[in-house]
Peer 1: 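Next up is a structure, given as structure tokens.
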Amino acid sequence: DPASHRYDHHQRGFDQTLAGYHTKLSSAGLVYKHFGKKIIETTVGSADNLDVLYNKLYTNFLEEIDAIDNGINQYDKEDKPKYKITSNVSSRVGKLNTPWNQEEKSAEEQLRRFHQAMDLIGGEFLSTLKFYAEAWLPARVIVEESMRARFDVDA
């Protein structure tokens with residue numbers, strides 16, 4: 001419920017996706033759906049290619065989190081992976097949870113760990129966004145312009 005800022009994707013019958021995608025949204029995806037464009041604009045300034053950045057960041061950052069959080073495999077189950085990936089963002093956040101056998105499970109300790117997770121994700125999100133806005137998008141513009149002008153060079 002965006003009006004009350006509650007983004008619980010575990011409710012029965014919930015199956016929202018981002019327009020044009022098939023992966024069910026997690027809480028992170030729901031927040032991105034409602035605030036992603038504003039965050040991009042605030043972070044990189046007015047983006048001429050806002051929708052392009054929004055979709056690129058979802059495809060290459062948020063969709064992975066949505067899929068992992070919702071238990072969606074990256075490949076068909078009959079295909080065995082050649083190796084495990086355990087250093088993805090979701091795994092690193094999971095490792096910040098209080099260990100089951102740690103006696104100190106106070107609210108303060110849990111809040112401290114929650115803030116660590118927020119800092120981790122926030123930093124990765126911003127560095128990914130800045131890369132796409134400052135490096136990938138300008139390169140994409142050059143390629144698009146070159147594609148449009150290709151017949152001017154070789155007619």
Peer 1: Enumerate, atom names and distances included, each donor-acceptor pair closer than 3.5 Å involving a side-chain atom of residues 111-119, sequence neighbours excluded.
Peer 2:
residue: R112; atom: NE; partner: E109; partner atom: OE1; Å: 3.1
residue: R112; atom: NH1; partner: Q116; partner atom: OE1; Å: 3.4
residue: R112; atom: NH2; partner: E109; partner atom: OE1; Å: 3.4
residue: R112; atom: NH2; partner: E109; partner atom: OE2; Å: 2.8
residue: R113; atom: NE; partner: E109; partner atom: OE2; Å: 2.7
residue: R113; atom: NH1; partner: L96; partner atom: O; Å: 2.9
residue: R113; atom: NH1; partner: N97; partner atom: O; Å: 3.3
residue: R113; atom: NH2; partner: Q102; partner atom: OE1; Å: 3.1
residue: R113; atom: NH2; partner: E109; partner atom: OE2; Å: 3.4

Peer 1: So, taking the atom named CG in L53 and the one named CD1 in I39, what distance separates them when rounded to the nearest 0.5 Å?
Peer 2: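 If I round to the nearest 0.5 Å, the distance is 13.0 Å.
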
Peer 1: Would you indicate whether the side-chain heavy atoms of V44 and I40 approach each other to under 4.5 Å?
Peer 2: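 Answer yes - side chains close enough.
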
Peer 1: Would you say N88's side chain and S90's backbone share a donor-acceptor pair under 3.5 angstrom?
Peer 2: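 Indeed, once roles are kept as given, a pair shorter than 3.5 Å links the two residues.
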
Peer 1: For residues 127-136, which residue pairs qualify under side chain to side chain donor-acceptor pair (under 3.5 Å), counting only residues two or more places apart or in two chains?
Peer 2: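 Of all non-adjacent pairs touching residues 127-136, none passes side chain to side chain donor-acceptor pair (under 3.5 Å).
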
Peer 1: For I121 and F61, which heavy atoms make the closest approach, and how far apart are they?
Peer 2: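 For I121 versus F61, the nearest heavy atoms are O-CZ, 4.3 Å.
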
Peer 1: Quick one: ring-ring contact (aromatic ring centres under 6.0 Å, His included) partners of F131, sequence neighbours excluded?
Peer 2: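 With neighbours one apart ignored, the set is empty.
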
Peer 1: Going from OG1 on T59 to CD on E64, what distance comes out if it is rounded to the nearest 0.5 angstrom?
Peer 2: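 Taking OG1 in T59 and CD in E64, the distance rounds to 12.0 Å.
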
Peer 1: So how far is it from I68 CD1 to E63 CD, rounded to the nearest 0.5 Å?
Peer 2: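 Going from CD1 on I68 over to CD on E63, the span is 11.0 Å.
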
Peer 1: Could you work out, with side chain to side chain contact (heavy atoms under 4.5 Å, CB included) as the rule, every residue matching K33, not counting sequence neighbours?
Peer 2: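 K33 satisfies side chain to side chain contact (heavy atoms under 4.5 Å, CB included) with Q16, L18, L25, Y54 only.
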
Peer 1: Is it true that V52 and Y21 fall in one hydrophobic cluster, defined by side-chain heavy atoms closer than 4.5 Å?
Peer 2: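 Same cluster.
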
Peer 1: What orientation do Y58 and Y32 show, parallel under 30°, tilted 30 to 60°, or perpendicular over 60°?
Peer 2: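 Ring orientation of Y58 relative to Y32: parallel.
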
Peer 1: Could you tell me which non-hydrogen atom of T23 sits nearest to which non-hydrogen atom of T17, and how far apart they are?
Peer 2: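 Distance-wise, the nearest heavy atoms are O-CG2, 3.4 Å.
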
Peer 1: Shortest non-hydrogen contact from A28 to I65?
Peer 2: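 Scanning both residues completely, I find the closest heavy atoms to be CB-CG2, 4.0 Å.
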
Peer 1: Say whether, by atom type as modelled, one donor and one acceptor occur between the side chain of S91 and the main chain of S87 under 3.5 angstrom.
Peer 2: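 Pair absent, no side-chain N/O of S91 close to backbone of S87.
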
Peer 1: How close do D66 and K24 get, counting heavy atoms only, and between which atoms?
Peer 2: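 The pair with the smallest heavy-atom distance is CB-O, 3.5 Å.
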
Peer 1: CG of N49 to CG of N55: how many Å apart, nearest 0.5 Å?
Peer 2: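 One finds 11.5 Å between CG of N49 and CG of N55.
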
Peer 1: Would a hydrophobic clustering, with Ile, Leu, Val, Met, Phe, Trp and Tyr connected at side-chain separations under 4.5 Å, put L126 with L50?
Peer 2: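 Yes, because L126 and L50 connect within a single hydrophobic cluster, where side-chain heavy atoms sit under 4.5 Å apart.
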
Peer 1: Looking at every non-hydrogen atom in both residues, tell me the closest pair between G29 and L62 and how far apart they are.
Peer 2: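 Residues G29 and L62, closest heavy atoms: N-CD1, 4.3 Å.
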
Peer 1: Which residues satisfy the salt bridge (charged side-chain N to carboxylate O under 4.0 Å, His left out) test with K37, sequence neighbours excluded?
Peer 2: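 K37 satisfies salt bridge (charged side-chain N to carboxylate O under 4.0 Å, His left out) with D51 once adjacent residues are dropped.
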
Peer 1: Under a 4.5 Å cut-off applied to non-hydrogen side-chain atoms, are E144 and M147 in contact?
Peer 2: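 No - every pair of side-chain heavy atoms lies 4.5 Å or more apart.
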
Peer 1: So how far is it from H22 NE2 to D15 CG, rounded to the nearest 0.5 Å?
Peer 2: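 Result: 13.5 Å between the selected atoms.
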
Peer 1: If you take all heavy atoms of P138 and A133, which pair is closest and at what distance?
Peer 2: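 The answer is CD-O, 3.4 Å.
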
Peer 1: Identify, with sequence neighbours excluded, every residue that meets side-chain hydrogen bond (donor to acceptor under 3.5 Å, both in side chains) alongside S106.
Peer 2: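 S106: side-chain hydrogen bond (donor to acceptor under 3.5 Å, both in side chains) contacts with E104, E108.
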
Peer 1: Quick check for you: to the nearest 0.5 Å, what is the distance between E103 atom CD and N101 atom CG?
Peer 2: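 CG of N101 is found 9.0 Å from CD of E103.
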
